[in-house]
There are 2 protein chains.
Amino acid sequence: MKLSTKGRYGVRAMLDLAINASENHISLKSIAENQKISEHYLEQLIATLRKAGLVKSIRGAQGGYTLAYPSSQITVGAVLRALEGSLAPVDCVLEDEPYECDISTCCVTKKIWERVRDSINEVVDSITLQDLVDDYRKIHSNDGYMFYI
Amino acid sequence: MKLSTKGRYGVRAMLDLAINASENHISLKSIAENQKISEHYLEQLIATLRKAGLVKSIRGAQGGYTLAYPSSQITVGAVLRALEGSLAPVDCVLEDEPYECDISTCCVTKKIWERVRDSINEVVDSITLQDLVDDYRKIHSNDGYMFYI
DNA sequence: TGAAACCCGAGTAGAAAAGTAGGGATTAAT
DNA sequence: ATTAATCCCTACTTTTCTACTCGGGTTTCA
């Protein structure tokens, strides 16, 4: 029941972008350095986020990435689902294409997993990147990047 | 962010025991057959549940397993945590021995994972095996074992 | 033109999940 | 007492997935 590095790294990368949203765009390299994440690996994660429409890229020299929307409009849930897929704890309660049990109506335990899925989504959808930025600014006064996992 | 088969099989096995709690004890073999789970694999899961004090075993011929407590006193959460360990989505918010980040006070994202962890625990701790038995009886009228995942 | 960036697909080592194998210990029934 | 059913235990294997790495290609600014 663990989140993979995709989700964790992704949220941190997006938070990095949100914190530095004042600058026009940020290079992959600098995010990777700040967050101590393999550059090439992060590239793949950001590519996923771009395809999901959560970040925009600027190509060429001096290029980089920016958030596609204001940080107050991007939830942690959207980031996680883009990278991890559905947050359903078992495949029979996937939101889009639930895996059909042989005898789905008989599946008593399904109710448990639906409730777990919904409660996870509720939490992560209630937190925006801006909330994280606010928390971050409360702790730091522009003293660099210090939010590791 | 998926539950492993340990957790899913474990809950189903415990539900099987709860449904048949009227009989004194049930053999591993019959649970495995009912639930369509490899007998040898289920044996390992039940061993874990026994060591966690959730089921009792009777050895020898005609032996088997029973719940260690009334089904109304065993939560899904207890079963899941016995088999899966902490339901924390990342190691830095494990209840018992949280993985210490280098700079833990600075970890803004930690708050997210704490809230996710707590909400998962809240859901699974609010559901007892008896709740599942009640659901099961609502759907079936003693027509066998039909709750697959 | 060249360097700094983003873009893309394939491959890979290690870890974890899921299950197998094989035997030992206990006990009810005969 | 013997047998068969059952639980108990350790180790091994197979499959899948994670978390990368590799090696390029393309775009754009200076």
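It should be emphasised that the depicted structure is a prediction, and the values quoted were computed from it without experimental measurement. FYI, side chains are in, hydrogens and waters are out, and symmetry mates aren't considered; it's all heavy atoms of this structure.
- Rounding to whole angstrom units, OH of residue Tyr41(B) and C1' of dT10(D) are separated by 17 Å.
- Note that CD of Gln44(B) is 8.0 Å distant from OG1 of Thr48(B), once rounded to the nearest 0.5 Å.
- Here Leu15(A) contributes atom CG and Ile74(A) contributes atom CD1; the two are 11.5 Å apart, rounded to the nearest 0.5 Å.
- The phosphate of dA19(D) (OP1 or OP2) has no side-chain N or O of Tyr9(A) nearer than 4.0 angstrom.
- Atom CD1 in Ile31(A) sits about 15 Å away from atom C1' in dA4(C), given to the nearest Å.
- Atom CD in Gln35(A) sits about 14 Å away from atom P in dC20(D), given to the nearest Å.
- Taking atom CE of Met1(B) as the reference point, atom P of dC17(D) lies 18 Å away to the nearest angstrom.
- Here Asp91(B) does not pair with Arg8(A) in a salt bridge; the nearest charged N to carboxylate O distance is not below 4.0 Å.
- For Glu122(B), the CD atom is loosely surrounded, since the number of other residues' heavy atoms within 6.0 Å does not exceed 12.
- In the model, Ser71(B) has a side-chain atom that pairs as donor or acceptor with a side-chain atom of Gln130(B) under 3.5 Å.
- Regarding contacts with the backbone of dT21(D), a side-chain N or O of Ser38(A) is found under 4.0 angstrom from either OP1 or OP2.
- Rounding to whole angstrom units, CD of residue Glu33(B) and P of dT6(D) are separated by 10 Å.
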- Given side-chain contact (heavy atoms from CB on, under 4.5 Å), test Lys56(A) with Tyr69(A) step by step and report yes or no. CA-CA 9 Å; Lys56(A) 284 185 295 193; Tyr69(A) 305 98; over 6 Å; no
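- Asp135(A) CG to Lys138(A) NZ: the interatomic distance, rounded to the nearest 0.5 Å, is 5.0 Å.
- Of the side-chain N and O atoms in Ser4(B), none sit less than 4.0 angstrom from OP1 or OP2 of dA17(C).
- Atom CD1 in Ile37(A) sits about 17 Å away from atom P in dT18(D), given to the nearest Å.
- What separates NZ of Lys6(B) from P of dA16(C) is a distance of 11 Å, to the nearest Å.
- Distance Lys2(B) NZ to dT18(D) C1': 15 Å, rounded to the nearest Å.
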- Using a 4.0 Å cut-off on protein heavy atoms (strictly under), produce a 5'-to-3' string for nucleotides 6-14 of chain C with B for base contact, S for backbone-only sugar-phosphate contact, and - for none. BBB-B----
